[in-house]
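Positions are given from 1, in the same order as the sequence printed here. What's counted below: heavy atoms across the whole structure, side chains too, no hydrogens, waters or symmetry copies.
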Amino acid sequence: GINAEYMGRPLGIHPINVMLCPFVQQLVDALKSSSRPFSYSDVRDSKDLHRRAGEMLRGDRFVLNVPYCKGHLQWEFIFNRDVPELPPDIIFCGDDIAPVASTSDSVATWLDVNKLSSLRNWSPTTYKNCFADLVRDILSQYKDYQATIVANFGSERLSFEQSTIQEIEGLEYYLTTNSVTRETIVHLLIPLGVNLRSIIPKDCVMVPPAEGERANLYVEFAGPAGSDLDVVQTHIAWPPSILQLDWLTDVRFPEFSMTQTTCLLDYIPELERRIKEVIASQADKVRRRREVVEELIKLMGHPLEVDTQEFGSVCFLINSEVDQEGLQLDPYLVHVGLGSGSTFPVGPPAVSLWSCNHWDRMSPPGSAMPISHQITNLAYNTRWTAMEVAGAITKELQQLEDEFKALCLSKSGQD
């Protein structure tokens with residue numbers, strides 16, 4: 001069945017003792033082009049118990065973890081050990097067990113091998129994507145199977161919601177029943193029409209989203225057996241490349257709730273519009289922060305620490321060298337906050353100085369605090385360029401250097 005907790009190995013990473021045989025490996029690698037991450041596990045030799053002494057292990061059998069809804073479907077593929085060019089056998093696990101199409105009316109099926117065009121056109125020696133096509137063909141039938149189950153479930157409101165969005169490409173349904181409460185749960189994954197790669201500027205991310213990578217809306221309907229279902233959970237499922245962008249993933253977008261006047265068909269376009277607005281606004285702020293950080297580095301040298309994801313802060317170590325007489329100068333840290341904790345770019349960056357050698361003698365026992373000073377009157381204009389902002393910071397630091405040294409001596413009791 002669907003495994004929401006599975007964390008599989010990324011494509012291309014294998015256990016040390018058994019690796020996929022090279023021919024099968026190149027077929028599986030074709031799945032790397034998918035916008036959602038496939039993985040595989042449990043690589044084995046299908047004839048391990050019957051190998052001759054000294055014969056090398058061949059990884060011709062493995063479990064493919066197919067991304068579906070919020071988790072993975074686990075399908076086991078077994079290639080012919082001696083003739084891997086032949087189409088593989090497939091073992092479906094748990095709720096994915098699927099007898100192939102039969103003439104018997106008593107056999108409930110969702111997989112019809114006669115409709116798998118990828119099998120009819122199977123030619124791995126000339127077409128390396130044949131395995132990827134086979135997986136997608138099977139997954140397409142599985143999606144249709146789950147959509148039919150949901151449509152026939154009998155929930156009037158759920159059926160209405162399903163009918164209004166059925167034209168959206170890539171919908172994924174999954175129906176389960178809680179074994180304890182007997183509550184029915186319908187999971188729904190809706191691809192959003194927001195092309196992240198095209199609207200997130202490249203200079204705002206370390207690794208831009210992959211081509212075709214999109215966010216998905218996850219909706220969970222639930223209710224007691226025999227009753228209509230209600231929405232119990234909605235959230236945005238961001239792709240892996242976006243998860244580190246806190247300026248986007250931490251935003252609280254309006255949630256969907258079923259009312260007489262609200263439906264998914266109305267909610268989805270409004271959510272997509274809001275996501276685009278947030279990205280446009282936040283990306284501009286990230287770009288401005290990055291420009292200031294880059295200008296500061298030009299003026300102050302290599303930073304001790306810098307936020308390379310959102311450029312929300314940068315820290316420099318000042319006076320770390322020795323003077324002409326060989327004496328250690330009085331080092332201190334300069335921390336420039338541009339993100340959380342500051343009002344930039346509406347207001348000036350938050351700049352503070354921290355001594356490396358002096359501790360406040362008034363600190364509570366056992367918790368000595370380094371002496372610090374927060375700049376509160378930094379010159380700033382919202383129309384300034386990044387170079388002008390960085391210049392104002394360095395000018396203020398130069399003027400404060402002697403004053404901060406005197407403050408350190410005074411508060412540490414060394415004056």
- Query: Can V194 and L196 be said to form a side chain to side chain contact (heavy atoms under 4.5 Å, CB included), step by step?
  - Reply: CA-CA 6 Å; V194 179; L196 297 172; 4.0 Å; yes
- Item | Verdict with supporting geometry, L397 and I318, side chain to side chain contact (heavy atoms under 4.5 Å, CB included) | CA-CA 10 Å; L397 290 173; I318 308 298; over 6 Å; no
- Message: Does L271 form a side chain to side chain contact (heavy atoms under 4.5 Å, CB included) with I236? I'd like the steps, not just the answer.
- Response: CA-CA 10 Å; L271 177 62; I236 299 174; 4.1 Å; yes
- Given the rule in the side chain to side chain contact (heavy atoms under 4.5 Å, CB included) test, do V336 and V292 qualify, once you have shown the distances and angles that lead to the verdict? CA-CA 10 Å; V336 181; V292 172; 5.6 Å; no
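Side-chain atoms of R289 do not come within 3.5 Å of backbone N or O of G339 as any donor-acceptor pair. For N80 (side chain) and L86 (main-chain N/O), no donor-acceptor pair under 3.5 Å exists by modelled atom type. Using modelled atom types, no side-chain atom of S281 and backbone atom of V278 make a donor-acceptor pair closer than 3.5 Å. Side-chain N or O atoms of Q26 include none that pairs as donor or acceptor with a backbone N or O of K128 at under 3.5 Å.
Heavy atoms only, all atoms of each residue included: S355 and F404 are closest at N-CZ, 3.6 Å. Closest of all the heavy-atom pairs between E85 and P124 is O-CG, 3.3 Å. Taking every heavy atom of both residues into account, T249 and W238 meet most closely at CG2-CD1, 3.6 Å.
Within a 6.0 Å radius of CD in E305, no more than 12 heavy atoms belonging to other residues, nucleotides or ligands are found. No more than 12 heavy atoms of other residues, nucleotides or ligands sit less than 6.0 Å from atom NZ of K395. Other residues, nucleotides and ligands place more than 12 heavy atoms under 6.0 Å from the CE atom of M300.
Two residues are said to be in side-chain contact when any heavy atoms from C-beta on lie closer than 4.5 Å; L158 and Y173 fail this criterion. No side-chain heavy atom of D133 sits under 4.5 Å from any side-chain heavy atom of N121. Counting heavy atoms from C-beta on, the side chains of I297 and E294 never come closer than 4.5 Å. Residues E213 and R197 fail the side-chain proximity criterion, which asks for heavy atoms closer than 4.5 Å.
Counted by atom type alone, Q233 and H235 present one or more donor-acceptor pairs between their side chains at under 3.5 Å. With 3.5 Å as the limit, one finds no donor-acceptor pair spanning the side chains of Y145 and Q141.
The residues R273 and E277 are annotated as salt-bridged, a charged nitrogen and a carboxylate oxygen being separated by less than 4.0 angstrom. With respect to R214 and E272, no salt bridge is recorded, no charged nitrogen being found less than 4.0 Å from a carboxylate O.
Among Y174, Y218, Y68, the single residue meeting the side-chain hydrogen bond (donor to acceptor under 3.5 Å, both in side chains) criterion with H187 is Y218.
The aromatic ring centres of F131 and F77 sit less than 6.0 Å apart.
Taking the six-membered ring where tryptophan is involved, the planes of W110 and Y142 are perpendicular, since the angle between them exceeds 60° and thus also 30°.
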